[in-house]
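One structure is given below, encoded as structure tokens.
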Amino acid sequence: MTLEELVSYAKRYGFVYPGSEIYGGLANSWDLGPLGALLSDNIKKAWFKKFVDEKVNCVRLDSPIILNSRVWEASGHLSSFNDPKVDCLECHNRERADKLVEKASNGTIDADGMSLAEIDQYIKENHVKCPVCGKENWTNARTFSLMFKTSQGVVEDSSSAVYLRPETAQGIYIAFKNVYRTARAKVPFGIGQCGKAFRNEITPGDFLFRVREFEQLEMEFFCKPGTEEFYFEDYKKYCVEFLKSLGIKEENLKLYDHPKEKLAFYSKGTTDILFKYPWGYDELWGIASRTDYDLNKHQEYSKEDLTYLDPETNQKYIPYVVEPSVGVGRLFMAFLLNSYENEQLESGDTREVLHIHPYLAPYKVAVLPLIKKLHHDKAMEVFSEVSKEFNAVFDETQQIGKRYRRQDAIGTPFCVTIDDDTMNTGIVTVRNRDTMLQDKVEIKELRNYLRSKLEF
Ligand code: ATP
């Protein structure tokens with residue numbers, strides 16, 4: 001599936017629309033439509049289930065988007081959450097300078113962490129041209145802050161300046177003490193959070209891949225210094241397993257270890273899980289081993305004691321942190337790209353089908369009366385029954401074959417048809433999206449039947 005095909009598919013079926021469309025749009029902002037909102041919700045549910053709820057030592061947090069601005073001073077975001085940019089003096093196109101270098105080198109250079117002078121030198125020496133106008137007349141590279149600034153309260157002065165969070169992680173660090181005390185948590189333990197983050201990206205694009213407003217799923221896992229390597233390796237495997245258990249094909253994934261010499265001084269390692277997007281393998285999920293850097297910084301700036309007292313050894317220390325962090329939008333794209341197929345049928349026809357994991361499918365079941373006039377009421381009874389437990393859709397327009405095709409295309413794993421047989425015997429036909437085979441199931445058994453097939 002190309003990127004254009006994905007965007008058009010997502011709009012056609014109501015997964016994603018351009019944001020503010022009736023006003024001419026707002027670049028790189030997107031609405032999640034009825035199906036997109038469900039898919040996104042299911043992705044988050046799956047993450048919480050596997051990263052928090054099924055873990056004996058992990059809990060949730062929901063912290064605000066706007067935090068005390070001192071948080072961003074302490075974390076270093078105000079001084080250094082920047083990307084380098086260059087502007088084309090001919091056509092005024094703006095590029096993220098590190099990405100420009102990476103593209104110009106065909107991916108052979110990792111420009112993350114290159115100094116501005118090194119970037120300028122590379123661009124000059126290699127005669128890097130503007131991808132828009134083809135000329136070679138760049139400004140020097142300059143840093144550009146990705147922080148979204150606004151003000152809080154009635155007076156607009158420097159004391160009212162606040163920022164939209166560029167990541168959810170800092171909200172977790174600053175609540176660390178409250179959480180570990182109230183949850184009576186013992187190291188090692190994790191705090192997971194899902195929420196919006198905002199980055200004033202220089203070059204947003206590629207659909208949901210790089211946007212200025214996005215959702216993150218972040219886990220901060222606090223462990224005893226010396227054990228971080230174990231948890232770092234463990235989370236790498238766990239994240240890959242999570243993706244595979246939701247149907248992501250092995251060949252669509254790759255791991256990229258950031259070279260040690262490029263890591264920040266406090267970092268013990270960063271590995272990205274890359275997914276094969278239409279333009280090539282690119283970052284889906286980042287897993288970082290961050291030592292005690294963040295908690296230390298917050299202890300220093302807040303003057304609060306953020307040490308942990310080990311109840312067994314009576315030792316006091318600041319825990320180390322392993323952080324797997326992923327964007328919901330990048331997962332959303334990965335699941336659609338990975339599952340979409342234009343399937344060639346034996347009959348010679350083709351069908352559009354989304355082989356998405358049933359747990360993620362927007363609708364779990366479609367309820368379809370074979371003939372509207374005869375079967376509507378019974379079908380409504382079935383819909384009322386199944387919708388108590390599963391996201392269900394009711395459709396009685398068009399002939400049955402076309403209705404099946406529509407459900408295949410949006411990934412509904414089961415279609416339940418109500419016909420004359422149902423009226424006489426209480427038995428419905430359940431059609432499987434992937435095999436197209438049909439089972440006969442009694443209405444009173446239907447919820448049990450579906451539940452057993454939808455487990456994750
Ligand atoms: P990139 O190098 O692509 O800019 P990053 O390394 O800065 O990403 P992190 O700060 O590690 O990203 O953020 C964690 C995760 O959040 C990323 O792996 C990605 O899934 C998601 N993410 C980051 N920036 C964006 C964005 N602008 N739009 C959508 N998702 C994003």
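Heavy atoms only: backbone and side chains are in, while hydrogens, waters and symmetry mates are out. Atoms within each ligand, like the ligands themselves, are counted from 1 in listed order.
- Contacts of ligand 1 (protein heavy-atom distance under 4.0 Å) are Arg96, Arg199, Glu201, Leu208, Phe209, Arg210, Val211, Phe214, Gln216, Glu283, Leu284, Trp285, Gly286, Ser325, Val326, Gly327, Arg330.
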Just distance, no hydrogens or angles: give the donor-acceptor pairs under 3.5 Å from side chains in residues 128-135, sequence neighbours left out.
none

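- Aromatic rings from Trp138 and Tyr122 are positioned such that their centres are separated by 6.0 Å or more.
- Applying the salt bridge (Lys or Arg N to Asp or Glu O under 4.0 Å) test to Glu167 and every residue at least two apart in sequence or in another chain returns nothing.
- Residues satisfying the side chain to side chain contact (heavy atoms under 4.5 Å, CB included) criterion with Asn338, sequence neighbours excluded, are Ile248, Lys249, Asn252, Phe275.
- Aromatic ring pairs are classed by plane angle as parallel below 30°, tilted from 30° to 60° and perpendicular above 60°; the pair Phe189 and Phe176 is parallel.
- Looking at Arg433, its side chain does come within 3.5 Å of a backbone N or O of Leu354 through a donor-acceptor pair.
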